[in-house]
Amino acid sequence: MITRLILVVLFWIIYFVITFAAYYISEKMIKPFNYFDIKPFNCRTCLTTWSLLISYISFSFIYFNWFFLIGGILLTLMTTIALWYTQKEKTIE
């Protein structure tokens, strides 16, 4: 019981930490001639998607838990679609 609760809390901690870190790296740290001024780091959607996907897959293999794998992939897809849609709304045609 307590192990499952810890895994659920860890699942959401991973999500919030990575989405905040991806936002901070892609929006706040980008400056001219910076090491993070390359493609996966200056695109918030790309950085968030790949960071979430890699972390959920790696944690699912570490803990041998299908919840991390399936839930993480579904949450990553929903987050990617939401970020893509908001970026599309911000773009002026």
Side-chain angles (χ1 to χ4, degrees):
M1 173 76 178
I2 198 80
T3 307
R4 291 184 185 194
L5 181 65
I6 290 172
L7 286 176
V8 170
V9 169
L10 181 64
F11 182 84
W12 289 108
I13 286 174
I14 290 170
Y15 178 76
F16 288 120
V17 166
I18 288 180
T19 52
F20 175 74
Y23 166 75
Y24 186 76
I25 289 173
S26 64
E27 301 290 331
K28 302 291 183 182
M29 288 186 66
I30 301 300
K31 295 180 179 138
F33 307 111
N34 193 359
Y35 293 117
F36 293 116
D37 200 16
I38 55 178
K39 183 57 179 167
F41 295 109
N42 61 7
C43 173
R44 182 178 176 194
T45 307
C46 302
L47 182 62
T48 305
T49 301
W50 290 111
S51 300
L52 283 173
L53 195 62
I54 289 170
S55 65
Y56 282 129
I57 289 173
S58 64
F59 272 98
S60 71
F61 287 140
I62 290 171
Y63 291 114
F64 300 111
N65 194 341
W66 288 100
F67 172 75
F68 262 87
L69 185 65
I70 296 169
I73 289 173
L74 289 176
L75 188 64
T76 301
L77 287 174
M78 289 188 294
T79 304
T80 303
I81 291 169
L83 286 173
W84 174 76
Y85 185 72
T86 56
Q87 184 64 33
K88 185 179 174 184
E89 281 186 346
K90 289 181 184 179
T91 306
I92 299 172
E93 294 180 7

Worksheet item: Roughly how far, to the nearest 0.5 Å, is the CD1 atom of I25 from the CZ atom of F20?
Response: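 One finds 10.0 Å between CZ of F20 and CD1 of I25.
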Discussion item. Rounded at 0.5 Å granularity, tell me how far CH2 in W84 sits from CD in E89.
Written reply: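 Those atoms lie 10.5 Å apart.
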Grab the two heavy atoms, one from [X] and one from [Y], that are nearest each other, plus how far apart they are.
{"X": "S55", "Y": "I18", "value": "OG-CD1, 3.1 Å"}
{"X": "T76", "Y": "L53", "value": "OG1-N, 4.0 Å"}
{"X": "L52", "Y": "I14", "value": "CD2-O, 4.5 Å"}

Practice prompt. Decide yes or no for L10 and F68: does some side-chain heavy atom of the first lie under 4.5 Å from some side-chain heavy atom of the second?
Written response: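 They are in contact (side-chain heavy atoms under 4.5 Å apart), so the answer is yes.
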Practice prompt. Would you indicate whether the side-chain heavy atoms of T45 and T80 approach each other to under 4.5 Å?
Written response: yes
In terms of hydrophobic clustering (I, L, V, M, F, W, Y; side-chain heavy atoms under 4.5 Å; direct or indirect links), are [X] and [Y] co-clustered?
{"X": "F11", "Y": "F61", "value": "no"}
{"X": "I73", "Y": "L83", "value": "no"}
{"X": "I62", "Y": "L75", "value": "yes"}
{"X": "F67", "Y": "L7", "value": "yes"}
{"X": "W66", "Y": "I57", "value": "yes"}

Worksheet item: Where the side chain of T49 meets the backbone of C46, is there a donor-acceptor pair that is under 3.5 Å apart?
Response: no
Discussion item. Within a 6.0 Å radius of atom OH on Y63, are there more than 12 heavy atoms belonging to other residues, nucleotides or ligands?
Written reply: no
Worksheet item: Is the Y56-Y15 ring centre distance short of 6.0 angstrom?
Response: no
